[in-house]
Amino acid sequence: MKKLSKAVFLLLLSLYSVFFAEIIAGSSNYPLFDLWGLFVVIPLYGFHVIILLTIIIRFQKGKVIPFRTMYFAGMLFALYEAYITKVLWIGFSDDPHIFLGIGLIEYLILVPFWHPIFSFIIPSALLERTLLKSSYIFDGLPNFMKHILNRKAGIISLFAIIGVFAAINGTFPILMLSMISMLVPMLLVIYLLKRRHLTNEYTLKDIMPRKQTFIILCILLLGLYVFGTLWIRFDAITLMNQIPIWISYLIFGPLFILSLSKEYDKVEQTDHPPISYQQLLWYSVLMITSSSLITIVLPNERFYSMKILFGAIVWVLLGCLFFIFSLISLCKKANSKYDVTEDW
């Protein structure tokens, strides 16, 4: 595989992650058009996703990746919100609910739900379904998820729900313009890849960086952590509020490692129909339309508190469910030697 082609795929993976994590959350509006987005936000998400996926792929050696492995990796990903952004310590609002030194609501939303799902699993799985011939991530999903996502109605519902989530913290027309500003360049690159017949030619394993590049990415990510720690609200760090974050690393790290210790059957080519370019266009329009309609009908000037409360409740509950499911799945794996997918 040519280095340029690999770089384009990895750049798209990074942009997917930024779109679903930052644009949908309303945290960044135009990351492709400002220096902070280009040199901090996109590299931050890209390095995390690429490094974690490389570790998973190297260990699994091209086999099916179970949902729990992706999920626990995503929880480790989420902890950057402590040392880099300080959000887990200072919260989103001016009056955060601080418990044991951390923003309780922020922690319960970002760590068990938002980053594992929106920053890591959805971008990685979508890249695989739209551009690659492998189905490592999709085949590792629980059966009920695959049953939903194998149906067109299920995928339509998923993108509509993502649009609804985007509208919770978004305003019209800023949200619409923000989504378009990232979707158009990404769709253009995807179109060019398809014109050059580079899609459905490689597996997820093929596009992962080699050892030397992987080491360089790790060093660059470490540099971002040092920069964020020292440059962004360094005064927010205390000895006591770091303890819950250290404990989180000590819990989620071993869970991630344990989730990697399973043997899975190899899957080199998907039996599931890939998402076509036309479908991707329609799903993008659906996200923009659903989010725009809600921001118009329920403007933040009148309904912000209600939307935020609704979103917080849904996201915390979903995060708890995903975490419990992943823990149960990890415990169940000891009962059988091989389990290509989850039974649930």
Side-chain angles (χ1 to χ4, degrees), residues 12-34 36-38 41-42 45 87 92-93 105-106 109-110 113-115 117-123 125-127 129-131 148-149 151-191 275-319:
L12 272 176
L13 178 60
S14 305
L15 295 180
Y16 274 24
S17 182
V18 172
F19 177 81
F20 286 104
E22 292 283 310
I23 301 296
I24 298 301
S27 301
S28 297
N29 291 325
Y30 309 106
L32 282 174
F33 301 96
D34 63 65
W36 184 261
L38 289 172
V41 176
I42 294 174
Y45 280 88
V87 167
F92 294 128
S93 64
I105 302 300
E106 290 78 7
I109 291 174
L110 295 173
F113 177 70
W114 195 265
H115 285 300
I117 305 302
F118 279 82
S119 301
F120 193 51
I121 295 176
I122 289 179
L126 184 62
L127 183 89
R129 290 297 300 276
T130 55
L131 299 175
I148 294 171
L149 296 178
R151 299 170 179 268
K152 187 175 292 186
I155 299 180
I156 291 173
S157 300
L158 173 63
F159 279 93
I161 291 170
I162 291 172
V164 172
F165 284 175
I168 289 175
N169 197 38
T171 58
F172 185 84
I174 294 175
L175 175 60
M176 180 186 70
L177 295 174
S178 175
M179 295 175 79
I180 291 173
S181 73
M182 279 209 73
L183 285 171
V184 170
M186 288 192 298
L187 289 169
L188 178 60
V189 173
I190 293 170
Y191 174 77
I275 297 175
S276 68
Y277 187 73
Q278 290 74 18
Q279 288 175 317
L280 197 58
L281 283 174
W282 281 114
Y283 297 150
S284 300
V285 171
L286 175 61
M287 277 194 300
I288 295 171
T289 303
S290 60
S291 60
S292 298
L293 284 175
I294 294 175
T295 54
I296 293 171
V297 175
L298 301 175
N300 279 0
E301 292 79 6
R302 295 173 56 190
F303 299 98
Y304 180 74
S305 297
M306 180 191 74
K307 291 196 295 182
I308 287 294
L309 179 61
F310 167 78
I313 292 172
V314 171
W315 296 334
V316 169
L317 288 176
L318 286 174

For the student: nearest non-hydrogen atoms of G170 and T295, plus distance:
O-CG2, 3.5 Å

Nearest non-hydrogen partners of L38 and L32, listed with the distance:
CD2-O, 3.7 Å

Quick one: pull up CG in L177 and OG in S181 and give me the separation to the nearest 0.5 Å.
8.0 Å

Considering only heavy atoms from C-beta outward, does the side chain of L110 approach that of F92 to under 4.5 Å?
yes

Interatomic distance, CD1@I168 vs CG@L309, rounded to 0.5 Å, equals 10.0 Å

Any side-chain heavy-atom pair from I24 and M179 closer than 4.5 angstrom?
yes

Taking the side chain as every heavy atom from C-beta outward, state whether Y16 and T130 have any atom pair closer than 4.5 Å.
yes

S28: which residues meet the side chain to side chain donor-acceptor pair (under 3.5 Å) condition with it, sequence neighbours left out?
E22

Nearest non-hydrogen partners of A166 and L175, listed with the distance
O-CD2, 3.4 Å

How long is the gap from OG on S178 to CG on L183, to the nearest 0.5 Å?
9.0 Å

Rounded to the nearest 0.5 angstrom, the CD1-CZ distance for I122 and F20 is 6.5 Å

Within a strict 4.5 Å, meaning less than it, do heavy atoms of the H115 and Y45 side chains meet?
yes

Can you check whether Q279's main-chain N or O pairs, donor with acceptor, with S276's side chain at less than 3.5 Å?
yes

S17 (side chain) donor-acceptor with S119 (main chain) under 3.5 angstrom
yes

Where do F303 and L298 come nearest, in terms of heavy atoms and distance?
CD1-CA, 3.5 Å

Quick one: does D34's side chain get under 4.5 Å of N29's, heavy atoms only?
no

What is the minimum heavy-atom distance between Y277 and L187, and which atoms define it?
OH-O, 2.9 Å

From I296 CD1 over to M176 CE, what is the distance, rounded to the nearest 0.5 angstrom?
8.0 Å

Could you tell me how the ring of F118 sits relative to the ring of F113: parallel (under 30°), tilted (30 to 60°) or perpendicular (over 60°)?
perpendicular

Do F159 and L126 pass the side-chain contact (heavy atoms from CB on, under 4.5 Å) test, and can you show the C-alpha distance, the side-chain angles, and the key distance before you say yes or no?
CA-CA 11 Å; F159 279 93; L126 184 62; 4.1 Å; yes

Is it true that, when you exclude F310 itself, more than 12 heavy atoms of the residues, nucleotides or ligands shown sit nearer than 6.0 Å to its CZ?
no

Closest approach of I174 and Y30, non-hydrogen atoms and distance?
O-OH, 3.9 Å

F165 and W315: aromatic ring centres closer than 6.0 Å?
yes

Distance col, row L293:CG vs I288:CD1, nearest 0.5 angstrom, shows 12.0 Å

Any S290 side-chain heavy atom under 4.5 Å of I162 side chain
no

